[in-house]
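The structure appears below as structure tokens.
First the proteins, then the strands, lettered A, B, ... as listed; each starts at 1.
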Protein chains: 2
Amino acid sequence: MTTLGHVLLGLLARAPASGYDLAQKLKGPVDFFWQARHSQIYPELARLEQDGYVVVQHVPQTERPDKKIYRITDAGTTVLKAWVIAPVEVPVVRDELVLKAYCLWLAHPAAAIELFRAHAHHHTELLARYQRNQGWLLEQWATEGRRIDSPWFGSIASIQRGIGYEQEYAAWCRWMIEQLEQAISD
Amino acid sequence: MTTLGHVLLGLLARAPASGYDLAQKLKGPVDFFWQARHSQIYPELARLEQDGYVVVQHVPQTERPDKKIYRITDAGTTVLKAWVIAPVEVPVVRDELVLKAYCLWLAHPAAAIELFRAHAHHHTELLARYQRNQGWLLEQWATEGRRIDSPWFGSIASIQRGIGYEQEYAAWCRWMIEQLEQAISD
DNA sequence: GTTTTATATGTAAGTATTGACATATGGTTC
DNA sequence: GAACCATATGTCAATACTTACATATAAAAC
């Protein structure tokens with residue numbers, strides 16, 4: 001099973017959904033640390049169905065194109081539960097901006113600074129979005145007595161990482177800008 | 001040009017090196033945010049040579065297998081300098097551990113906690129390594145009067161990101177462990 | 001003496017992901 | 001009336017990366 005397969009099972013374990021629904025959730029940074037396009041999602045769903053981890057229900061619609069609702073099966077839940085506690089490798093980080101920072105000694109500081117201003121802005125925006133999301137998630141979780149076996153806890157755990165990540169990334173960008181500004185003024 | 005091509009040019013802009021040397025630098029987390037295997041590096045070097053961005057010098061050796069030393073050309077330096085200040089997309093983060101955290105509501109806390117202890121350990125170790133490296137790099141940079149056009153600055157900038165990243169990741173793992181411990185004791 | 005390790009360079013098959021192509025419905029905007 | 005957008009599902013080619021295969025030298029470990 002691919003990681004994307006587990007991503008899809010992880011989402012379907014919370015609620016049934018169509019391929020389109022899943023693609024919407026995975027298309028960008030919402031509350032979650034995985035991204036995928038529909039072109040990868042549809043074939044993966046077909047594989048999950050073949051393997052018996054999900055079942056599909058065809059839903060005809062009149063005002064919109066027909067859709068297919070996917071539901072996780074008992075077999076799917078079993079493999080998902082086993083996978084969650086299985087050891088996992090540390091992900092490889094490949095960040096082109098850090099690579100550019102590594103090569104920054106070749107550039108004019110004034111030309112390079114815009115690069116880091118743009119990324120500082122982006123990560124600050126995303127941080128604010130995650131923080132708003134976190135506030136709402138914490139409220140939802142509280143209504144369920146802050147149980148660790150609630151899906152809300154999973155969302156909070158991942159958004160917590162998103163907040164830390166964006167905070168740190170934005171701080172690094174600001175540090176880079178400082179260094180560059182100092183070099184420009186000298 | 002691929003990103004790996006720029007990685008290799010970025011390294012060769014500092015000093016000539018063989019494919020093996022480059023593979024050593026890129027094989028794991030040393031001072032840098034890019035990883036690649038020799039199986040990807042050798043073909044990429046051949047492409048860079050074809051494009052005229054590097055030249056190769058065959059060096060026969062008696063006590064070891066012969067090697068090929070690659071040097072960046074003026075054309076290579078030109079494209080590298082242009083690339084450094086060019087805008088770049090925000091990298092997509094795909095982290096299986098965060099995904100597991102998202103699905104953690106499906107697992108027994110006692111079974112899941114080992115996962116986060118292992119990763120907390122790993123990121124703490126890597127952080128210490130980066131911090132030792134940083135101390136040495138800062139000394140080297142100081143001897144050159146902390147010039148921003150020194151390669152040392154590039155190394156420091158990337159290690160700075162590595163330190164922030166590992167610090168934050170380790171902190172998140174510890175937060176996850178806390179949550180899980182609390183759930184176990186309840 | 002045999003195995004292992006470091007040096008040194010490659011190829012080939014398979015997987016993961018992206019970007020483009022492809023089609024169809026119905027509502028909204030211009 | 002035409003163009004565009006959201007919904008909805010798919011395929012295909014290309015790229016990026018990993019894993020395994022493949023070979024050769026010489027020193028060091030056992």
Side-chain angles (χ1 to χ4, degrees), chain A residues 1-9 12 16-29 32-51 54 56-70 88-96 99, chain B residues 1-8 12 16-30 32-51 54 56-70 88-96 99:
Chain A
M1 267 264 279
T2 65
T3 309
L4 179 61
H6 290 112
V7 172
L8 299 177
L9 287 184
L12 293 174
S18 66
Y20 186 82
D21 294 336
L22 295 167
Q24 290 298 311
K25 279 227 181 195
L26 294 172
K27 80 169 172 183
F32 200 47
F33 263 77
W34 204 270
Q35 288 186 39
R37 308 295 171 100
H38 75 271
S39 57
Q40 203 186 356
I41 292 167
Y42 287 120
E44 189 64 45
L45 282 170
R47 234 169 288 146
L48 290 174
E49 200 206 341
Q50 266 202 328
D51 295 345
V54 300
V56 65
Q57 176 198 359
H58 291 261
V59 180
Q61 297 189 124
T62 50
E63 301 197 338
R64 281 165 195 203
D66 299 352
K67 63 177 169 179
K68 295 160 84 171
I69 298 289
Y70 289 89
V88 64
E89 291 300 305
V90 174
V92 176
V93 178
R94 286 194 185 90
D95 187 330
E96 204 169 331
L99 179 62
Chain B
M1 267 262 280
T2 65
T3 309
L4 179 60
H6 290 113
V7 172
L8 299 177
L12 293 174
S18 67
Y20 186 81
D21 295 336
L22 295 166
Q24 290 298 311
K25 279 227 181 195
L26 294 173
K27 80 169 174 184
V30 185
F32 200 47
F33 263 77
W34 204 269
Q35 290 186 39
R37 308 294 170 100
H38 76 271
S39 58
Q40 204 186 354
I41 292 167
Y42 287 120
E44 188 64 46
L45 282 170
R47 232 168 291 147
L48 291 174
E49 200 206 342
Q50 266 202 328
D51 294 346
V54 300
V56 63
Q57 175 198 358
H58 291 261
V59 179
Q61 297 187 122
T62 51
E63 303 196 336
R64 281 166 195 201
D66 299 350
K67 64 176 169 180
K68 294 159 84 171
I69 297 290
Y70 289 89
V88 64
E89 289 301 303
V90 174
V92 176
V93 178
R94 286 193 185 91
D95 188 330
E96 204 170 331
L99 180 63

Five-pair end axes of the helix from dG1(C)-dC30(D) to dC30(C)-dG1(D), angle between them (10°): 30°

Taking every non-hydrogen atom, the tightest pair across Leu45(B) and Tyr70(B): CD1-CE1, 3.7 Å

For DNA chain D, the residues among residues 35-43 of chain A that have a non-hydrogen atom under 4.0 Å from it: His38(A), Ser39(A), Tyr42(A)

Residues in salt bridge (Lys or Arg N to Asp or Glu O under 4.0 Å) contact with Glu44(A), at least two apart in sequence or another chain: Arg47(A)

Asp51(A): partners by side chain to side chain contact (heavy atoms under 4.5 Å, CB included), with sequence neighbours left out: Tyr53(A)

Segment of DNA chain C, first to last nucleotide, that comes within the 4.0 Å heavy-atom reach of chain A: dA16(C) to dG26(C)

Position toward the 5' end of DNA chain C (nearest nucleotide), Val92(B) or Lys68(B): Lys68(B)

Partner set under side chain to side chain donor-acceptor pair (under 3.5 Å) for Glu49(A), not counting sequence neighbours: none

From NZ (Lys27(A)) to NE2 (His38(A)), nearest 0.5 Å: 12.0 Å

Side-chain heavy-atom pair Leu22(A), Val7(A) within 4.5 angstrom cut-off: no

Which atom of Ile69(A) lies closest to which atom of Pro16(A), heavy atoms considered: CG2-CB, 3.8 Å

Qualifying residues under side chain to side chain contact (heavy atoms under 4.5 Å, CB included), relative to Arg94(B), sequence neighbours excluded: Trp34(A), Gln35(A), Val92(B)

Heavy-atom contact window of chain A on DNA chain D, given 5' to 3' at under 4.0 Å: dA6(D) to dT18(D)

Partner residues of Tyr20(B) under the ring-ring contact (aromatic ring centres under 6.0 Å, His included) criterion, sequence neighbours left out: none

Partners meeting side chain to side chain donor-acceptor pair (under 3.5 Å) with Gln57(B) (sequence neighbours left out): Arg71(B)

Of residues 58-67 of chain A, the positions that come close to DNA chain C - non-hydrogen atoms, cut-off under 4.0 Å: Thr62(A), Glu63(A), Pro65(A)

Closest non-hydrogen atom pair, Gln61(B) against Asp66(B): N-OD1, 2.9 Å

Test side chain to side chain contact (heavy atoms under 4.5 Å, CB included) applied to Ala36(B) - qualifying residues, sequence neighbours left out: Leu4(B), Leu26(B), Gln40(B), Ile41(B)

